[in-house]
Structures are given as structure tokens and as C-alpha cells.
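Structure first, commentary second.
All figures in this text were calculated on a predicted structure; none of them were measured in a lab.
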Amino acid sequence: MSTKLIEPAVDIAGATHTLRPGRANSDRSSTVGLEISDLLVPWIVGVTTLVARLATAAKGPTDWDSAQYAAAIARFDVTHGRPHPPGYWLYVVAGRIVHTLGPGVIHSLVLVSAVASGVAAGLVVIAGRDLGGRWVGLAAGIVVAASPFAWFSGSIVASYSFDLLIAPVLIILAWRARPHSWHGAAALASLGLAAGFRQSSLQIFGLLALVAVLGSVRRLREGLIAAAIGLAAVAAWVVPMSMAQPGGFATWVRASRIETLGAIRSTSILDHAAAGVTNVGTFAAYATVALAPLAVLTLFSAVALAVRSLVRGHHARRSGRAAAVAVTVTGRPAGASQPAGASQPAGAEQFDEWFRSERLEATEGLGATSHPVATRPSWVRPWFQSRWVILTAATAPAIAVVMLVQFAKGGYLLAVLPGAAIALLLAPGELVSPRQPADPAPYRAPRAEPRRHLSIPWLILVSLAVLAVASIGADRFLQGNGVLPAAATTSTRLHWLWLTQARYQAPYADTRSAVRTADQIDIGLAHLSPLVHADRDVVVMDVIDGGASFYRNAGWELLHDRVALITPGAVIYNQLHGSLYYASGSTLPVGVGGVVYLIAPPSLPGIAQLTKDGAASAIPLTAPIGDYRLWMIRPGASILDVHIVVEPGLRPLGTGITS
């Protein structure tokens with residue numbers, strides 16, 4: 001016969017109540033005396049975050065990936081960059097759904113990102129409250145909402161906000177999981193759906209979901225049901241995606257494998273790649289820039305807690321010696337009065353029984369909000385559901401994946417941010433609301449936690465510090481050209497510090513300025529459309545002068561025009577109608593009567609000589625494209641050893657990723 005985990009508990013007033021599994025069995029302080037603020041605060045933080053994201057929303061593609069997501073709205077094909085593998089199917093579908101309601105493609109995808117970012121911030125409040133109390137929850141939500149990296153990804157076309165969203169969901173489920181509860185199945189379902197937005201969620205958050213499963217599954221039948229629900233969640237997006245992908249599931253797998261291996265071979269230290277060390281340094285730099293201000297507060301709080309512990313330990317030892325003397329002499333603690341009609345206890349064993357009866361009498365009449373006393377505990381939190389194990393599971397796999405495989409941009413940091421923020425705020429939270437000594441009763445009901453009181457001075461001090469951290473993050477996003485101040489990257493005294501160096505992506509341009517710059521470039525590219533003849537001309541950009549950074553933007557804005565990307569001696573990409581083609585060779589064909597429109601700075605090698613020879617001429621731009629100029633180059637000339645030739649009829653574009 002199995003042991004029942006739902007047991008009647010007796011509260012201190014003598015009433016009985018039944019503890020429901022999964023929720024009422026929780027030892028979360030937020031389930032004891034749940035207040036209206038506990039319901040409102042996550043909504044307030046989430047809605048405020050959403051409004052902030054929409055206020056700074058991008059109006060066009062911000063980078064290469066953004067343009068590929070936008071192209072996927074019309075047609076899904078990972079072999080031609082619509083979007084890049086592994087596809088992010090549910091993000092594309094969510095954008096399509098919003099697009100059918102009226103907004104444009106870019107606005108639809110940005111709205112999906114912004115909503116995910118806002119919901120994530122609200123859920124971080126709940127996750128932080130579960131693990132550390134109300135102050136920790138609110139502080140963590142504010143820090144995440146104001147993080148420039150979270151703000152940037154929530155204001156552009158990007159799927160990274162779904163990493164920010166699934167992390168607190170799984171933290172909550174892992175913490176609240178109880179034997180025979182639904183939390184394990186919910187965790188696998190959430191993980192399966194999250195993989196539809198970002199397939200890397202399986203590797204990054206699989207361990208965290210496993211904690212919820214281990215905490216809830218106790219029978220084979222429960223495990224099979226949870227696994228079936230998780231598989232159904234994965235199938236809910238894999239099946240329709242495979243049907244939409246030309247070539248089906250096998251083509252998607254092949255393209256995803258090629259993309260993954262390419263990333264590993266280019267940046268992973270597991271493949272002994274030359275760029276592996278740089279990749280690790282880049283992640284460390286981003287993490288330091290994002291979390292260093294909060295880490296300073298954590299270090300200060302840890303020192304304060306250590307000092308307080310030493311002081312309290314000294315007072316406790318003195319009080320303990322005094323109490324021991326009093327019990328030995330009088331049979332009861334110092335200052336305690338003799339119970340009416342009772343004989344004086346003669347020793348420690350009688351004192352223990354007397355003290356328990358005194359406590360019960362003193363607390364009668366306090367009502368249902370008092371701490372209950374159970375005959376025996378119905379559930380004890382296992383070690384793998386402790387705060388630090390859950391937070392480690394929420395951060396360590398994400399750190400390993402992005403450091404060991406690829407860390408291309410700040411959005412990858414969002415998988416780590418919720419767990420890291422909560423972990424760093426636990427020490428300040430302990431200063432604000434320190435734990436009180438546990439009840440002396442032999443057993444405490446699962447819902448009862450040590451009572452806490454607020455330390456007002458510490459509350460004010462650390463709250464101001466958190467607001468300062470949030471203000472720094474918001475200011476860097478709204479006002480800075482980079483998250484790291486320019487003075488840090490230009491100072492010769494700090495040049496030795498790796499995070500100030502450009503090779504690690506300093507100054508980390510995840511800011512509103514970067515969004516606005518990209519919007520201006522998109523506008524400038526769109527103004528080229530009347531100039532280009534789609535049937536014969538080619539728009540060209542080059543790698544060595546940074547043209548690759550907005551190459552896909554050009555393909556989006558010049559949707560019906562052929563756009564090529566070249567490197568010295570070779571054409572590497574073509575794009576047309578939103579699709580990306582892998583090209584080869586050293587010739588660039590134009591149609592009969594066609595020309596090349598080159599977007600490049602005047603410093604491009606060879607452009608001055610071409611202009612002098614009359615083979616190239618500068619064309620005035622009606623709208624700026626950053627610091628770039630527009631040049632019209634005639635057939636017969638060469639750009640970076642790529643020869644422009646006339647080719648009548650059909651001009652091949654290239655192949656897909658799987659060819």
C-alpha cells in the first residue's frame with residue numbers, strides 16, 4: 001500500500017484542514033496569506049515592460065536574422081534563409097497570426113517579441129517571489145525589465161525573448177512540484193512548446209524541466225503521461241513545420257545539422273576552433289557587463305550578512321549560557337512565570353514539555369493565519385528542489401551551451417538572465433527580510449515557513465541600490481551608443497581589460513541607438529528601389545567594409561531586386577524575393593543593359609581608380625545609408641577582383657543550404 005501524501009494537519013487553534021498536493025502543500029511564503037499585491041505586481045511589471053518595448057520598437061529589420069524572420073512570414077524554407085535553421089517555427093507562426101490582424105510584417109514580429117519580453121518580466125517576479133520572497137521577486141522583475149539586452153531583444157524582430165520567458169516558467173514549476181502533482185507534465189509541455197520558438201531550449205532548459213519531473217513523478221503511469229504530453233507539445237510544431245518545409249522533415253533535419261556544425265566548427269572550443277577562446281571571452285564580457293552592477297550589491301550584502309551572523313552568534317551564545325543557568329536553577333527559562341496550578345518542572349525534559357504547552361496556550365485565538373502545527377510532515381523538500389540546485393539548473397546548461405558552442409550576440413544572454421538575477425538578489429533579500437528562528441515544535445506543517453519581519457533600513461538601502469542598477473541599465477539602452485560607455489572602450493588605461501576590446505564585441509551595441517541606426521539604413525535602402533531595374537541590374541555589397549551586417553536588410557527592402565554579397569575574388573551570396581542563395585565563382589552577371597549598384601564607402605580598394613577611369617560614378621542618395629555611398633559600375637569593370645559581365649537570359653542565383 002502506498003503512503004498517502006495528503007494528510008490532515010492540525011493548526012494551533014485546534015482546527016483541521018486538508019492540504020492539496022502541488023499548491024496547498026507548498027512551503028512558499030507567497031501561498032500563506034496571499035495578498036492582492038501578489039496578483040497585481042507581476043501584471044504591473046509585465047505591462048510596464050511591454051509598453052517600454054513598444055515605445056522603442058524597431059520599424060524595420062535590425063540585423064541579418066530579423067530580415068530572415070520577416071521573409072519567413074510569406075514562405076517558410078530554412079534552406080534559403082526563410083528563416084535560418086532550425087526555423088523557429090512557432091515564432092514565425094505567431095508573427096503570421098498577428099499579421100493577419102492588420103499590422104505589417106515587421107510590426108507583427110516585434111509585437112510578438114515585446115509581448116514575450118513583458119510576460120517574461122512578470123513571471124520573473126513570481127519566480128523570484130517563490131525562491132526568495134516578495135522583495136526578491138519585485139527586484140528581479142525590475143532588473144530584468146530594465147536590462148539593456150532584454151530591452152533590445154524585446155524591441156526588435158528576434159526570438160531571444162522566448163528564452164527569457166521559458167526560464168522563469170520552468171523555475172516556478174521546478175520549485176512548486178510535489179509528488180503526484182501536475183508540475184512535471186506542465187514542465188515538459190512548456191519545454192516542448194518553447195523548443196518551437198527556439199530549438200536550443202531543449203539543451204538549455206532540459207535539466208531544469210527534469211527537476212520538475214523528478215519532483216512530481218512517483219509512478220510509472222505518471223511518468224508515461226508526462227512524457228506523452230511533452231512529445232505531443234513537440235509534435236504540435238514539428239508536424240506542421242515539416243509540412244510547410246519544402247522537402248519535408250528530412251530536409252529540415254539536414255539543414256539544421258549543417259547550420260549547427262558550421263557554428264561549432266567556427267566558434268566552439270569543442271572543435272578546437274581558433275575562435276573558440278574569443279567566443280568564451282565574448283560571453284564572459286556580455287555577462288560581466290550585464291550583471292556586474294548587481295554583483296556589486298550581492299557582494300556588499302554577503303559581507304553585511306556575514307557580519308550580522310557573527311554578531312548574532314555572539315549574542316546567542318551569551319543568551320544560551322544564561323538560559324541554561326536559569327533552567328538548571330528554576331526549571332524554566334529566565335523571565336518565565338510559573339503556570340497557574342502547575343508544579344515547577346524539575347529539569348530539562350519537563351521544561352521541554354512545559355514550554356510546548358505554554359506556546360500552544362499563548363497562540364490560541366490567533367486565527368487561521370497563525371502557523372499550523374502538523375502531527376508529522378506530509379512532504380519534505382528534497383535536495384534537488386533546493387533554491388541553489390534549481391538556480392544552477394536554470395543557468396549552468398545555458399552558460400555551457402553558449403560558451404562551448406556559439407555566442408554570437410547579446411540575445412543569447414537572456415537564457416541566463418532570470419536565474420542569475422534571482423540568485424544575485426537572494427543575499428540582499430535576506431538583509432531586507434531575515435529568517436526568524438524556526439518554531440520549537442517537533443513538526444511544522446508544509447505551508448508554514450519561519451516568520452519574517454522587514455528590516456526597514458536595509459529595505460530602503462538595498463531597494464535604492466536595485467533602482468540604481470535598473471536605472472543604469474535603462475540609461476545605457478536609451479542614451480548610449482553601446483551598453484559599455486565609450487570612455488571605457490577608448491581609455492588607454494583600460495585597454496588591458498578584455499571586455500573593453502572590439503574583438504569581444506565592445507561596446508555591446510544592444511541599444512536604442514543601434515535600433516534607430518538600423519531603421520535609418522533600412523529607409524535608405526528602400527529609397528534605392530526606383531533606381532534599380534529588377535530584370536537587369538544587381539545591387540552589390542561587400543564583406544570587408546561591413547556590408548554583410550545589413551546585407552539581408554537590403555534583400556528585405558529591395559524585395560524584387562537581385563542583391564549580391566562579395567568578398568575579394570568571389571561572390572558568396574545572392575538574394576531575390578526574400579530567399580538567400582549560396583553562390584560561387586568570381587563573376588557577377590548583369591542583364592543586357594544592366595549595371596551594378598555598389599553600396600560601399602569611398603575607402604573601398606579600387607573604387608577611386610574605377611571612378612577616375614570612368615567605369616564607376618557616384619550616385620547621390622535620397623536618404624543616407626549610414627556612412628556608405630552609392631556607386632554605379634558598368635560591365636567590364638572589376639570590384640575586389642570580381643568581374644562584372646553581361647549574361648543574356650536566365651542568370652543562376654545559386655543553391656540552398658543543403659546542396
Side-chain angles (χ1 to χ4, degrees), residues 60 64 67 517-518 520-654:
W64 185 294
T517 298
Q520 290 298 319
I521 289 176
D522 293 336
I523 293 172
L525 292 169
H527 276 70
L528 300 182
S529 184
L531 187 67
V532 181
H533 293 85
D535 59 338
R536 63 187 191 221
D537 297 336
V538 180
V539 178
V540 176
M541 305 164 72
D542 71 276
V543 171
I544 64 173
D545 284 312
S549 63
F550 59 94
Y551 170 68
R552 284 296 267 156
N553 300 48
W556 172 254
E557 299 297 342
L558 304 170
L559 195 61
H560 304 293
D561 300 315
R562 183 167 176 154
V563 184
L565 183 65
I566 65 173
T567 194
V571 180
I572 55 177
Y573 290 116
N574 283 309
Q575 54 180 325
L576 182 65
H577 301 307
S579 293
L580 183 70
Y581 298 87
Y582 293 77
S584 61
S586 59
T587 59
L588 189 62
V590 299
V592 177
V595 297
V596 162
Y597 287 99
L598 174 67
I599 303 172
S603 59
L604 181 71
I607 193 66
Q609 187 62 43
L610 287 175
T611 304
K612 182 179 179 181
D613 295 341
S617 55
I619 305 296
L621 289 170
T622 57
I625 306 176
D627 296 327
Y628 293 82
R629 301 274 299 276
L630 181 66
W631 315 85
M632 184 179 71
I633 305 178
R634 298 168 182 82
S638 296
I639 314 166
L640 298 177
D641 294 327
V642 175
H643 311 293
I644 304 173
V645 299
V646 176
E647 186 173 317
L650 186 64
R651 290 169 287 150
L653 289 164

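Although no hydrogens or angles enter the test, the distance criterion places no donor-acceptor pair under 3.5 Å between the side chain of Arg629 and the main chain of Leu621. Side chain of Asp545 to main chain of Gly547: no donor-acceptor pair is present (N/O by atom type, distance under 3.5 Å, no hydrogens or angles). Side-chain atoms of Trp631 come within 3.5 Å of backbone atoms of Ala600 as a donor-acceptor pair (strictly under, hydrogens ignored). Distance alone, capped at 3.5 Å, places no donor-acceptor pair between the Tyr628 side chain and the Ile521 backbone. The backbone N or O of Ala526 lies less than 3.5 Å from no partner atom in the side chain of Ser529, so there is not a single donor-acceptor pair.
Counting heavy atoms from C-beta on, the side chains of Leu604 and Ile639 come closer than 4.5 Å. No side-chain heavy atom of Val645 sits under 4.5 Å from any side-chain heavy atom of Leu588. When side chains are defined from C-beta on, Pro652 counts as touching Glu647, because their heavy atoms get closer than 4.5 Å. Put simply, the side chain of Arg562 reaches to within 4.5 Å of the side chain of Asn574, judged on heavy atoms. Residues Val543 and Ile566 fail the side-chain proximity criterion, which asks for heavy atoms closer than 4.5 Å. At least one side-chain heavy atom of Val592 sits under 4.5 Å from a side-chain heavy atom of Val646. For the pair Leu576 and Leu653, the minimum side-chain heavy-atom distance is below 4.5 Å. A 4.5 Å side-chain heavy-atom check between Pro568 and Asp641 finds every atom pair outside the cut-off.
Once rounded to the nearest 0.5 Å, the distance linking CG of Leu580 with OH of Tyr551 reads 6.0 Å. Here the OH atom belonging to Tyr597 is positioned 9.5 Å from the CG atom belonging to Leu528, to the nearest 0.5 angstrom. Here the CG-OG distance, from Leu640 to Ser586, works out to 12.5 Å after rounding to the nearest 0.5 Å. If you take CE on Met632 and CD1 on Ile619, they are separated by 5.0 Å, rounding to the nearest 0.5 Å. We find the CG-OG distance between Leu610 and Ser638 to be 8.0 Å, quoted to the nearest 0.5 Å. The distance from the NE2 atom of His577 to the CG atom of Asp561 is 9.0 Å, given to the nearest 0.5 Å.
Under a cut-off of 6.0 angstrom, the local environment of CG in Asp627 is sparse, with at most 12 non-hydrogen atoms contributed by other residues, nucleotides or ligands.
Between Arg536 and Gly593, the shortest heavy-atom contact is NE-O, 3.4 Å. Among all heavy-atom pairs drawn from His560 and Ala534, the shortest one is O-CB, 3.3 Å. Between Leu559 and Gly578, the shortest heavy-atom distance links the atoms CD1-N, 3.5 Å. Closest heavy-atom contact between Gly594 and Pro635: O-CG, 3.4 Å. Nearest heavy atoms, Pro605 versus Ile544: CD-CD1, 4.0 Å. The two residues Ala616 and Ile607 come nearest to each other via the heavy atoms CB-CD1, 4.4 Å.
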- Could you go step by step and tell me if Glu557 and Asn553 meet the side-chain hydrogen bond (donor to acceptor under 3.5 Å, both in side chains) rule? CA-CA 6 Å; Glu557 299 297 342; Asn553 300 48; over 6 Å; no
- Query: So Val596 and Asp537, side chain to side chain contact (heavy atoms under 4.5 Å, CB included) or not? Walk me through it.
  - Reply: CA-CA 6 Å; Val596 162; Asp537 297 336; over 6 Å; no
- Ile599 vs Leu525, side chain to side chain contact (heavy atoms under 4.5 Å, CB included): CA-CA, chis, key distance, verdict: CA-CA 9 Å; Ile599 303 172; Leu525 292 169; 3.7 Å; yes
- Message: Checking Phe550 against Asp522 for the side chain to side chain contact (heavy atoms under 4.5 Å, CB included) test, could you report, in this order, the C-alpha distance in whole Å, the side-chain angles of both residues, the deciding distance, and whether it holds?
- Response: CA-CA 9 Å; Phe550 59 94; Asp522 293 336; 5.9 Å; no
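The side-chain tip of Arg552 does not point at the ring of Trp556 from less than 6.0 angstrom away and within 45° of straight on.
Just one of Leu630, Val538, Ile633 meets the side chain to side chain contact (heavy atoms under 4.5 Å, CB included) condition when paired with Leu598; it is Ile633.
In summary, the aromatic rings of Tyr582 and Tyr573 are positioned with their centroids under 6.0 Å apart.
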